[in-house]
Amino acid sequence: MAEIELKTAPADFRFPTTNQSRHCFTRYIEFHRCVAAKGEESGDCEKFAKYYRSLCPGEWVERWNEQRENGTFPGPL
Amino acid sequence: MIVLECLFLTIAPCDAAEPWQLGSQDAATPMMQGIIDLHHDIFFFLILIFVFVSWILVRALWHFHYKKNPIPQRIVHGTTIEILWTIFPSIILMFIAIPSFALLYSMDEVVVDPAITIKAIGHQWYWTYEYSDYNSSDEQSLTFDSYTIPEDDPELGQSRLLEVDNRVVVPEKTHLRIIVTPADVPHSWAVPSLGVKCDAVPGRLNQTSISVQREGVYYGQCSEICGTNHAFMPIVVEAVPRKDYGSRVSNQLIPKTGGA
């Protein structure tokens, strides 16, 4: 990897404050809702995936993935 | 030797705590420079007020000493002076408030989208850094732990209680978003030279933005009591030229994936 393109989740005007927990959660939900709407293979949802991976700690993502598998995810998927 | 040390201190910027240090560490971000400038502005008025109050106090004690002035005066009010000593402090406060609010609100301004997001996750008693902008799947692409170098181990020239094994490498002059959170108890990610102190609150992601203006190595320490080794989980940020950033991160990628 010689050149890394420097790009990350942009600042979201819906979450202007210091607390970005909701931003990370919203991006995660947006990704899964996009996949539910457009299908797994659609490339449109990749954008949301990149955003939530940038913002959310790995542990949070793992926990949510488990909760989704168990059907206990506390969010509007 | 002392002469050489003096020269060293004037040439090298102060990016870590120095023994008997009085002032701030040298600024490496516009935010910290703003804080230092505000401090100078306020300090000017502080000295003014200090000298004035001390002078009045000394004068009063001298001239109204009971031997020199046995009968005390019984002044009840003086309208003019009361108006003056209300108006003048208000004006001084205004002069202090204007740069202070300007700096405070400039902190929150989002001018440019950040280029990189780095997550600083506090544990008892070390930091984990995640650089996940390059992930193609949910597995972390670059995650590493940053432990302090124990007191017996540092090499010659290293700072005791400030050095870590893996530093946070960032490119200079780039807008960074740092997301701070802990995995267990509250911590706080603080680097004085960069003017950043961001609490790590369990269950919450706190965001702070910085843009390091010069290359260098910047030291900080955990700033929220988190248990017995709270004093032994420092933070070291290394700012490298933008063109070197890619290779530095890839070098860390290769040994760390599968290991961290």
Side-chain angles (χ1 to χ4, degrees), chain A residues 1-35 40-70 73-75 77, chain B residues 107-123 128-143 170-171 174-184 198-209 242-243 245-251 253-254 260:
Chain A
M1 229 194 276
E3 266 317 308
I4 294 187
E5 194 205 346
L6 297 183
K7 225 165 69 102
T8 187
D12 192 336
F13 69 90
R14 296 173 294 174
F15 311 100
T17 55
T18 302
N19 186 0
Q20 296 287 296
S21 328
R22 214 73 205 166
H23 187 183
C24 142
F25 189 61
T26 303
R27 291 297 192 199
Y28 183 80
I29 289 182
E30 277 172 0
F31 171 70
H32 286 287
R33 289 173 83 155
C34 171
V35 160
E40 283 271 336
E41 304 309 312
S42 163
D44 301 333
C45 304
E46 202 44 39
K47 173 179 80 167
F48 296 119
K50 278 186 151 341
Y51 292 168
Y52 85 71
R53 285 179 196 133
S54 284
L55 289 167
C56 305
E59 280 176 8
W60 290 30
V61 173
E62 276 165 27
R63 191 174 66 233
W64 290 337
N65 287 343
E66 273 172 35
Q67 285 177 337
R68 274 191 309 114
E69 274 156 37
N70 295 342
F73 183 73
L77 276 177
Chain B
M107 257 176 71
D108 287 338
E109 262 176 41
V110 180
V111 181
V112 179
D113 276 335
I116 300 176
T117 300
I118 298 176
K119 281 164 274 183
I121 299 169
H123 300 262
T128 303
Y129 298 104
E130 289 183 18
Y131 293 58
S132 317
D133 291 330
Y134 325 111
N135 285 16
S136 46
S137 72
D138 274 355
E139 284 112 54
Q140 276 105 50
S141 64
L142 176 51
T143 303
V170 301
T174 311
H175 284 95
L176 307 174
R177 173 203 273 132
I178 314 271
I179 302 263
V180 182
T181 191
D184 38 35
C198 188
D199 281 0
V201 180
R204 184 176 158 123
L205 302 180
N206 278 335
Q207 167 183 279
T208 182
S209 301
R242 280 190 106 161
K243 53 182 175 49
Y245 174 67
S247 53
R248 285 297 295 267
V249 164
S250 343
N251 284 343
L253 260 172
I254 296 158

Region of Ala49(A) in contact with chain B, defined by heavy-atom distances below 4.5 Å: neither

Chain A contact via Thr174(B) - side chain, backbone, both or neither, heavy atoms under 4.5 Å: side chain

Which bit of Ile116(B) comes within less than 4.5 Å of chain A, counting heavy atoms only: side chain, backbone, both or neither? both

So, Asn19(A) and Thr17(A): side-chain donor and acceptor under 3.5 Å apart, yes or no? no

Backbone N or O of Leu55(A) within a donor-acceptor pair of the Gln20(A) side chain at under 3.5 Å? no

With a 6.0 Å cut-off (strictly less than), is the heavy-atom count around CZ of Arg22(A), excluding the residue itself, greater than 12? no

Without hydrogens or angle criteria, can the side chains of Thr117(B) and Arg177(B) be said to hold a donor-acceptor pair below 3.5 Å? yes

Donor-acceptor pair, distance only, cut-off 3.5 Å: does the side chain of Asp133(B) make one with the backbone of Ser54(A)? no

Atom group of Tyr52(A) that falls short of 4.5 Å from chain B, counting heavy atoms: side chain

Most contacts with chain B, counted as non-hydrogen pairs under 4.5 angstrom, among Thr8(A), Val61(A), Asn65(A): Thr8(A)

Atom group of Asp108(B) that falls short of 4.5 Å from chain A, counting heavy atoms: neither

